[in-house]
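In what follows, chains are A, B, ... by sequence order, proteins preceding strands, each numbered from 1.
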Amino acid sequence: MAVMSYIQAVTTALREEMLRDEKVFILGEDVGKKGGVFRATEGLFDEFGEYRVLDTPLTESAIAGVGIGAAMYGMRPVAEMQFADFIMPAVNQIISEAAKTRYRSNNDWNVPITIRAPYGGGVHGALYHSQSVESVFANQPGLKIVMPSTPYDVKGLLKAAIRDNDPVLFFEHKRAYRLLKEDVPEEDYVLPIGKADVKREGSDITVITYGLCVHFALQAAEKLAEEGIDAHILDLRTVYPLDKAAIIEAASKTGKVLLITEDNKEGSIIGEVAAIIAENCLFDLDAPIMRLAGPDVPAMPYAPTMERYFMVNPEKCEKAMRDLAEF
Amino acid sequence: MAVMSYIQAVTTALREEMLRDEKVFILGEDVGKKGGVFRATEGLFDEFGEYRVLDTPLTESAIAGVGIGAAMYGMRPVAEMQFADFIMPAVNQIISEAAKTRYRSNNDWNVPITIRAPYGGGVHGALYHSQSVESVFANQPGLKIVMPSTPYDVKGLLKAAIRDNDPVLFFEHKRAYRLLKEDVPEEDYVLPIGKADVKREGSDITVITYGLCVHFALQAAEKLAEEGIDAHILDLRTVYPLDKAAIIEAASKTGKVLLITEDNKEGSIIGEVAAIIAENCLFDLDAPIMRLAGPDVPAMPYAPTMERYFMVNPEKCEKAMRDLAEF
Amino acid sequence: MTNRHKKLGISDDEVLNIYKTMLLARKIDERMWLLNRAGKIPFVISCQGQEAAQVGASYALNRNTDYVAPYYRDLGVVLSFGMTAKEVMLSAFAKAEDPNSGGRQMPGHFGQKKNRILSGSSPVTTQVPHAVGVALAARIEKKDLVSFVTLGEGSSNQGDFHEGLNFAGVHKLPVITMVENNQYAISVPFDKQVASENVSIRAKSYGMVGVTIDGNDPLAIYEAVHEARNRAIEGEGGTLIEAVSYRLTAHSSDDDDRYREKHEVDEAKKSDSLVTFGNYLKEENLLSSNLEIEINNELDSVVNEATDYAENAPYAEPEDALKYVYEE
Amino acid sequence: MTNRHKKLGISDDEVLNIYKTMLLARKIDERMWLLNRAGKIPFVISCQGQEAAQVGASYALNRNTDYVAPYYRDLGVVLSFGMTAKEVMLSAFAKAEDPNSGGRQMPGHFGQKKNRILSGSSPVTTQVPHAVGVALAARIEKKDLVSFVTLGEGSSNQGDFHEGLNFAGVHKLPVITMVENNQYAISVPFDKQVASENVSIRAKSYGMVGVTIDGNDPLAIYEAVHEARNRAIEGEGGTLIEAVSYRLTAHSSDDDDRYREKHEVDEAKKSDSLVTFGNYLKEENLLSSNLEIEINNELDSVVNEATDYAENAPYAEPEDALKYVYEE
Ligand SMILES: Cc1ncc(C[n+]2csc(CCOP(=O)(O)OP(=O)(O)O)c2C)c(N)n1
Ligand SMILES: Cc1ncc(C[n+]2csc(CCOP(=O)(O)OP(=O)(O)O)c2C)c(N)n1
Ligand SMILES: [Mg+2]
Ligand SMILES: [Mg+2]
């Protein structure tokens, strides 16, 4: 075991996979000589050389598209989008190509690419360095979207993503990078993509969330425990396709469900979670399904007043959880 | 009144708006001399000249981006994406620019652009000429997404979109183009964007849907009426932002709700509709919220066997509605 | 006196194979139009007018090692790379056995892994970065192969063209890009589409060699691709080739073609490569009347058999629509 | 003997204004770094090294009619087009009164309708099609104006550059594109970024005039933009100008700059336009020591006042985050 930050878990997973499999290579903007603007690829350029940690031109569609071509050839590219907000020029390559190649070729070709991108707010990143972009891709069969919440999950899930024979979008919360630290095994391990994870067992209310909000919810849960409110917390981990069985189980367990996302509310991942619950275990519910999310404005502002207003935080979680428990 | 097909309603609305306001102009691939691959702009090139019905190079990002620039200047561009499937290269311009310009400039600039695109399947269009793409954009505050189901609605809503001072995505069902005909007033009228519309009053079950599926549901409702099942049908018309009040009212009215979309199920618009209901009127429900949608595969295949398997149709609607009524 | 093909190192047999492959492409294409007009297949999109470029280029590649990322008109490329007439017809009829997509995609959406034909989609130009990715992989793996990608001149305005070729140019990757300039992108003619005087001049933006070639001359194309391949293998990077010809049919079976004048099409037909290249072979005494009849008969029966087989082959089962979303 | 600026039709007053605007940009920029290092503002991204190109270009435009779509380093452009130091500082401090965004966007995200400065975002190069759209509108409305758009050399590889300039080229629209080639895109140097020998050669892809100019020489840039504007107004279409200089600071306050050698930066500082252009004015006897001190004092107090005002100005209310999603 070693204490590792969330971003160290990223670097460790990348390095171990590159050592394990020669076909794994990294491409993206500033990932090489600089080691990434967040230093996720620090040291890898020196260790593995230019063609395994390739500084690309400033062209997201080509980063994705060249990665897809290399993956079709048989490589295992790990493409970095410098910020999730800048994945937009690559949407055509991701949705029209990566997601559909296996299906359209009737299983002849496949695209084992991993696309990493830092997402999320609370870092004074303003409108274009703070967004959650998962819902743009969360209606595209053929894709998997992983959004880990802890260093341990990062290491196991990033390795799983790289070994996956289908395209995986891997979104890392940039505020978690240095904020979150925990013991992470030094051995090789993978965690299953497509499976949610219970982060806290509880019996009074169920919170379903993912990413940094898992921590906000856990912090709130500790406080509420003092008041005798016992929260069950399910971390989705993979937000597309969703782990329906785990969602149904967690919702049914307490009958009171709060869904949390940092994304704008309307059209976010948690809408689909609500739909799954309403479809499958409506009669187990003792309260309306509550949602806590960002407001429906284009993205979070830079000014600290407005940024704080937008962001989910432990206090907002605590209030929503208490309201639900008291329903 | 004149009997008009769905696509004639498109052409009529475009022409009337161009006559009414000199700032309105059309740009897109093959919209000029050819009059559009579906003939939506037929005759307009001859009537208004090249610079009001502009054949652009084959570049969706530029079509959107140039349109946005012209709109910021003060024009009212109507951009055509030849097929909704080909809007993907323009996602960055639409999501990062059109949607966010008013907000990011603190109300200084705005982007009154309309982006039209034919969507939907059942036309042997295969994977890339059949998709529903609305969910890619349905989490982007600043955008409005209109998906009309009838010629009457097309004319009133397309005019409203063109006059709207914010960006509107206007998705037209390509199978509806020549299939649907009805009386449409020859006078000028607009319909409100953001408002759902009750297409059939009923008391036993509520169906909430949009686009071509409205017709499938209406056909099914007529059959079921013979069996004594009386369906209430709400046409969303604007799928983003949703008309929450209308959804809550329609769901509460019968307590039994079926949501229908032609899109892949997971992550589609109707997930959000379910979430709104589960959040606001859960205790009015007498049955789980049912969903009828396309399967979660990348897009509908070309072969008629598989295409039929994918598509929603009146029979599938009828069965789902009967199941719900009998719950 | 050596003739043109010998100078290029092409044997008499090989040059006849080029002709036969062009002719087979034409015959399959014509048959598909007939089937479409008879209501038997819903859609066709043509190679007619571009066979010379497609087959000439393919024969200059190593058809056992190189990768191709063709676009929807490239029937000549995929036939050269090993796809059979039967396989093409299975795709036209959207039958389960179609190796391109199992009947999932429209005809013209090629893909066949065993022949290193990358699977393609409908949105134009996405294949350019893919081909660059294959070339990058070849560089990383130190393999002596090139990737070959084609697209239309209209498509050369898409962002993916620029981003893909610039990426290849920065790293001098072994990718050959052939723009099949058939003068139109559906209804929009060259000058409303492409702002430069020609497409090949765009090579300068990518530090590449660029050449404009008569797309009706398979030997000229062969030569250009052959040289491009040598440069690529020598580590000198990619080449942008513009093959100029004319689209002899409407854009597709859904297009009515009214936006251009009949006499323009008639004029273009005079340079139809099937005729002009046939004449070359006749002048070189490689294509006697007898041989011509023989070849036509042979190819007609290939097309007939392929059609019959494909017409009678089964569709995929409805529920097959659920297969292969992810690895199974 | 006339001097350089007179030859270009620039008066003595005007040339001094160019210098003053460059110097103001520099001073604001330097102040923002100090404020950042003092923990008072979270972010700064610099114009340093690019002031000459920005101000020289702007002064060659019609600053009462033309539209600009600047990128994040273009402090020199927006100051030339009428944004005040106070307004810039309000943006640096993210205060409610900031005319660019009301404190919603990071500094460097310019926009001000009354001065025809298009609102910009962070994803690079999206502004190129916008500027083309303005030029198209000018064409449709038969207005004698041009649009002017800038971006970095790294950004010239994005698809939107290609699509935008091709669109402008096809229709010969009055748009002037200036690529500010400062040799780096964050850490990636020119040769790993741009495959062509220089950026201006890309003009050939768009049927445009392309020129590469010393970006440290405001008069050379003025001349190029002046000519470009004349061509544009005459209906001869757009121009692609590459202004070559060097990024004198790190990419932004979040960047540590370790990927380049100190001596390279030191070398570049020798051509710093504030020094070299100042020397020109001194040689021309337009900038006496006294005047220099006077100007510096004047601008320092402008910057001081702007800073004080902005620092003390209020933030937007938290709930203001909900405003202006749609028309209200
Ligand atoms: C991204 C995208 N936009 C639009 C289309 C519709 N479309 C199909 S082919 C075509 C014209 C292509 O022209 P060109 O590149 O010259 O190729 P050609 O068909 O002439 O060979 C268009 C507009 C598409 N397939 N993809
Ligand atoms: C689409 C997109 N991708 C990535 C980024 C992150 N980013 C900001 S500036 C920059 C480098 C830009 O380089 P260049 O165009 O040369 O401009 P310069 O900063 O050197 O003036 C990058 C990669 C971005 N803003 N937008
Ligand atoms: Mg063409
Ligand atoms: Mg730069």
**Report entry** Atom pair CD (C:Glu328) and CG (A:Asn165), whose distance is rounded to the nearest 0.5 Å
**Finding:** 12.5 Å
Report summary line: Taking a cut-off of under 4.5 angstrom between non-hydrogen atoms, the residues of residues 27-47 of chain A near chain C are A:Leu27
Report summary line: Cut-off 4.5 Å, heavy atoms of chain C, and the answer for A:Lys23 is side chain
Query raised in the report: So which of A:Arg52, A:Glu22, A:Glu97 has the largest heavy-atom pair count under 4.5 angstrom toward chain C?
Result: A:Glu97
Query - Which portion of A:Asp166 sits near chain C, non-hydrogen atoms under 4.5 angstrom - result: side chain
Query raised in the report: Do A:Gln93 and C:Asp160 come within less than 4.5 Å of each other through their side chains, counting heavy atoms only?
Result: yes
Query raised in the report: Checking C:Arg104 side chain against A:Asn106 main chain: does a donor-acceptor pair fall under 3.5 Å?
Result: no
Report summary line: For A:Glu172, the side-chain hydrogen bond (donor to acceptor under 3.5 Å, both in side chains) test, sequence neighbours excluded, returns A:Arg116, A:Tyr177
Report summary line: So OH of C:Tyr326 and CG of A:Leu143: to nearest 0.5 Å the spacing works out to 6.5 Å
Query raised in the report: Considering residues, nucleotides and ligands other than C:Lys204, do more than 12 of their heavy atoms fall under 6.0 Å from its NZ?
Result: no
Query raised in the report: Side chains of C:Lys323 and A:Asn107: closer than 4.5 Å at any heavy-atom pair?
Result: no
Query - Interface moiety of A:Glu60 toward chain C, non-hydrogen atoms closer than 4.5 Å - result: backbone
Report summary line: Between the OG atom in A:Ser105 and the CD1 atom in C:Ile117, the distance rounded to the nearest 0.5 Å is 12.5 Å
Query - Considering all heavy atoms, the nearest A:Pro57-C:Phe167 contact - result: CD-CD1, 3.9 Å
Report summary line: Taking a cut-off of under 4.5 angstrom between non-hydrogen atoms, the residues of residues 63-93 of chain C near chain A are C:Tyr67
Report task. Using non-hydrogen atoms and a 4.5 Å limit, figure out which bit of C:Ala96 sits close to chain A: side chain, backbone, both or neither. Result -> backbone
Query raised in the report: What closest approach, in Å, do A:Arg104 and C:Ser101 show between heavy atoms, and which atom pair accounts for it?
Result: O-CB, 2.8 Å
**Report entry** Side-chain touch A:Asn110/C:Lys113, heavy atoms, less than 4.5 angstrom
**Finding:** yes
Query raised in the report: Which of residues 122-146 of chain C have a heavy atom under 4.5 Å from any heavy atom of chain A?
Result: C:Pro123, C:Thr126, C:Pro129, C:His130, C:Val132, C:Gly133, C:Val134, C:Leu136, C:Ala137, C:Arg139, C:Ile140, C:Glu141, C:Lys143, C:Leu145
Report task. May I ask you to test the A:Glu50-C:His171 pair for a side-chain heavy-atom distance under 4.5 Å? Result -> yes
Report task. Quick one: pull up CG in A:Asn92 and OG in C:Ser121 and give me the separation to the nearest 0.5 Å. Result -> 7.5 Å
